[in-house]
Amino acid sequence: MNYKVLIIDGGARQCLPLIKNFHKMGCEVTALCGSKMDVGYYYKFTDRKVLVEFDYHDGELSYIPIMKEVSTGRYDIVIPMVDFFATILSKHKEELSQYATIYVNDWDVYSRAIDKLQTMTMCMENHIPCPKTALVTSVDDFDDSSWEYPIVIKPRTGYGAKGFNLVYNHDELVEHFKLTETKFGPSLIQEYIPQNDKQYQVELLMDKDGECKAFVLMDKVRWYPLTGGSSTLNITLHDEDIRNVCIKLMRYADWKGYASLDVIRDPRDGVAKIMEINPRMNGTAKICFAAGVDLCKLILQDAFGNTVDDQNEYKDNVRLRYFHMDMLWFLKSKERFKVKPSWFSNKNTVDEIFEWCDLRPAFFYTLASFSKLLHDKKNREI
């Protein structure tokens with residue numbers, strides 16, 4: 001296949017398995033980068049890199065260099081890596097589509113999926129297990145008389161536990177809801193599910209007919225921050241009940257293409273409940289390739305072919321480690337020497353960034369992570 005692929009952006013760790021596997025398929029892969037520190041900038045499998053200036057606080061300003069590059073007509077397909085760029089591409093999909101295939105959902109579908117309140121509404125209306133969520137847009141409309149504290153306050157959009165807060169009484173709820181809205185935008189109120197049972201990540205791909213053509217389930221063994229955040233070690237497994245509820249939700253959402261979902265098992269009733277949809281390529285996408293699912297092939301078939309291969313079969317017990325964050329887990333967790341599998345074990349393990357065939361992405365990611373970690377820590381605190 002000699003498709004010309006544009007990856008936006010080269011700073012996301014999930015771009016690495018996409019760049020590598022598209023390149024190996026014979027595609028010309030270009031990474032649109034906002035910095036020479038981006039993991040995709042010096043990666044040996046990146047055929048071209050284009051350095052532009054992004055404003056990560058203003059989607060419309062960042063759209064300008066994207067439009068300039070896509071409108072060259074050089075590319076067959078454009079694939080976003082993170083929420084920020086997926087949102088830009090979805091909002092401007094009609095305009096950009098005259099130059100290339102934009103691999104995101106239309107805005108009406110995408111905007112529902114990225115909004116946790118709308119996702120929870122879809123779940124509750126269609127009897128799909130999820131946390132109890134207040135269907136209100138203002139804290140002034142919330143009646144907590146039938147709720148038990150602690151209660152969760154979090155932004156309706158976002159990732160990595162940014163803005164996540166537990167409140168223990170009504171006064172704290174009102175205060176933190178308003179603070180979260182001020183800092184992160186529209187927020188939601190949700191029951192707290194104790195995080196002492198299993199958490200899961202799902203990677204899937206739905207074709208244009210609403211059929212699931214790839215499904216990979218993984219157990220989130222460790223995550224950071226410890227109170228709830230991005231997974232640092234994942235292990236593939238199978239669970240038919242989780243598979244069924246995830247596919248059911250994505251069909252109700254009219255979803256097409258790739259997505260990732262977060263699921264948690266509630267220790268109070270043993271039910272696995274959907275937490276959110278991540279409507280773009282996820283940081284854990286690399287585990288799909290390691291488990292035997294070729295996402296790149298499926299994406300190109302979905303974008304340009306009439307049929308998409310069925311790749312629902314995958315290997316169990318494949319591990320994906322995010323070592324940079326797993327190190328922080330080790331430093332903070334009291335379970336560092338008790339956890340199973342052992343923190344020191346690398347059996348059947350691939351790392352999200354580190355590869356012996358090219359050490360540069362890990363090196364530059366480490367340098368960039370120091371400043372980003374301080375920024376993210378400040379963002380999580382209100």
Side-chain angles (χ1 to χ4, degrees), residues 83 86-87 90 105 107-167 173-174 176-178 180-181 184-195 197-204 206 217 220 223 227-231 241-255 259-280 282:
D83 289 342
T87 300
S90 182
N105 277 258
W107 179 246
D108 61 331
V109 175
Y110 178 90
S111 59
R112 287 198 307 269
I114 202 171
D115 185 335
K116 295 179 179 66
L117 181 58
Q118 292 194 56
T119 297
M120 294 299 99
T121 301
M122 278 192 289
C123 287
M124 289 186 283
E125 288 178 347
N126 296 289
H127 308 291
I128 296 170
C130 69
K132 179 182 176 183
T133 304
L135 302 182
V136 298
T137 56
S138 169
V139 69
D140 299 327
D141 298 326
F142 177 64
D143 178 5
D144 65 355
S145 59
S146 63
W147 289 64
E148 292 185 6
Y149 286 91
I151 289 174
V152 173
I153 307 293
K154 62 184 179 182
R156 285 169 56 175
T157 61
Y159 62 95
K162 291 181 180 179
F164 177 97
N165 274 274
L166 279 180
V167 297
L173 184 143
V174 173
H176 280 277
F177 189 92
K178 292 181 177 179
T180 304
E181 276 202 317
F184 297 101
S187 301
L188 60 77
I189 299 167
Q190 195 170 66
E191 72 169 326
Y192 175 66
I193 297 181
Q195 299 191 32
D197 207 324
K198 294 287 188 180
Q199 294 190 40
Y200 305 97
Q201 187 83 26
V202 169
E203 314 293 325
L204 56 74
M206 308 291 291
L217 173 67
K220 293 181 175 182
W223 53 86
T227 54
S230 299
S231 54
D241 290 337
I242 294 177
R243 172 185 166 86
N244 290 338
V245 296
C246 289
I247 294 174
K248 181 180 179 181
L249 173 60
M250 300 313 277
R251 284 174 175 161
Y252 276 116
D254 197 28
W255 189 259
S260 173
L261 295 90
D262 288 322
V263 180
I264 185 170
R265 192 173 297 281
D266 192 333
R268 300 167 299 182
D269 58 17
V271 177
K273 300 178 179 179
I274 290 177
M275 298 295 290
E276 63 182 84
I277 299 171
N278 302 301
R280 38 76 183 169
N282 201 51

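All of these numbers come straight from a predicted model, not from anything done at the bench. Start at 1 with the first residue, then count along the sequence.
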Looking at Ser145, is its backbone amide N or carbonyl O close enough to the side chain of Asp143 to form a donor-acceptor pair, meaning the two atoms are under 3.5 Å apart? yes
What's the spacing between Cys130 SG and Lys132 NZ if we round to 0.5 Å? 11.5 Å
Is a donor on one side and an acceptor on the other found under 3.5 Å between the side chain of Ser90 and the backbone of Asn105? yes
Pairwise side-chain contact, Tyr252 with Glu125, heavy-atom cut-off 4.5 Å (strictly under): no
Scan for ring-ring contact (aromatic ring centres under 6.0 Å, His included) pairs involving residues 120-146, sequence neighbours excluded, and state none if there are none. Phe142-Trp147
For a quick test of reading the model, state the closest non-hydrogen atom pair linking Arg280 to Asp83 and the distance between them. NE-OD1, 2.7 Å
Does Thr133 use its side chain to pair, donor to acceptor, with the backbone of Gln190 at less than 3.5 Å? no
Taking the side chain as every heavy atom from C-beta outward, state whether Ile277 and Met250 have any atom pair closer than 4.5 Å. yes
Which residue, Ser260, Ser230, Ser231, forms the side chain to side chain donor-acceptor pair (under 3.5 Å) with Gln201? Ser260
Pairwise side-chain contact, Trp107 with Thr87, heavy-atom cut-off 4.5 Å (strictly under): yes
Between CG on residue Leu261 and CG on residue Asn282, distance to nearest 0.5 Å: 9.5 Å
From the options Val174, Ile153, Asp144, select the one residue that forms a side chain to side chain contact (heavy atoms under 4.5 Å, CB included) with Val139. Val174
Indicate the atoms forming the closest heavy-atom contact of Pro131 with Met275, along with that distance. CG-SD, 3.3 Å
Run Leu249 and Cys123 through side-chain contact (heavy atoms from CB on, under 4.5 Å) and show every step you take. CA-CA 7 Å; Leu249 173 60; Cys123 287; 4.0 Å; yes
Tell me whether Tyr149 contacts the main-chain N or O of Val167 through its side chain, where contact means a donor paired with an acceptor under 3.5 Å. no
Just checking Lys248: does its NZ atom have more than 12 heavy atoms from other residues, nucleotides or ligands closer to it than 6.0 angstrom? yes
Is Lys220 salt-bridged to Asp262, going by a charged N under 4.0 Å from an acidic O? yes
Just wondering, do Arg251 and Met206 contact through their side chains at under 4.5 Å, heavy atoms? yes
Side-chain contact test, heavy atoms from C-beta onward, threshold under 4.5 Å: evaluate it for Leu135 versus Leu117 and give yes or no. yes
Set of residues satisfying salt bridge (charged side-chain N to carboxylate O under 4.0 Å, His left out) with respect to Glu191, sequence neighbours excluded: Arg268
Could you check whether atom NZ of Lys198 has more than 12 heavy atoms from other residues, nucleotides or ligands sitting under 6.0 Å from it? no
I want to check something: taking the side chain as every heavy atom from C-beta on, are Ile128 and Cys246 in contact at a cut-off of under 4.5 Å? no
Where is the tightest heavy-atom contact between Ala86 and Tyr110, given as atom of each residue plus distance? CB-OH, 3.4 Å
Strictly distance-based, threshold 3.5 Å: is any side-chain N or O of Arg265 a donor or acceptor partner for the main-chain N or O of Gly270? yes
In Å, rounded to the nearest 0.5 Å, how long is the span from CZ of Phe177 to CG of Leu188? 7.5 Å
Reported OG1-to-CD distance for the pair Thr119 and Glu276, which is rounded to 0.5 angstrom: 8.0 Å
For Ser111 and Val109, indicate whether the former's side chain and the latter's backbone hold a donor-acceptor pair under 3.5 Å. no
With rounding to the nearest 0.5 Å, note down the distance linking OG1 in Thr180 to CG in Asn165. 5.0 Å
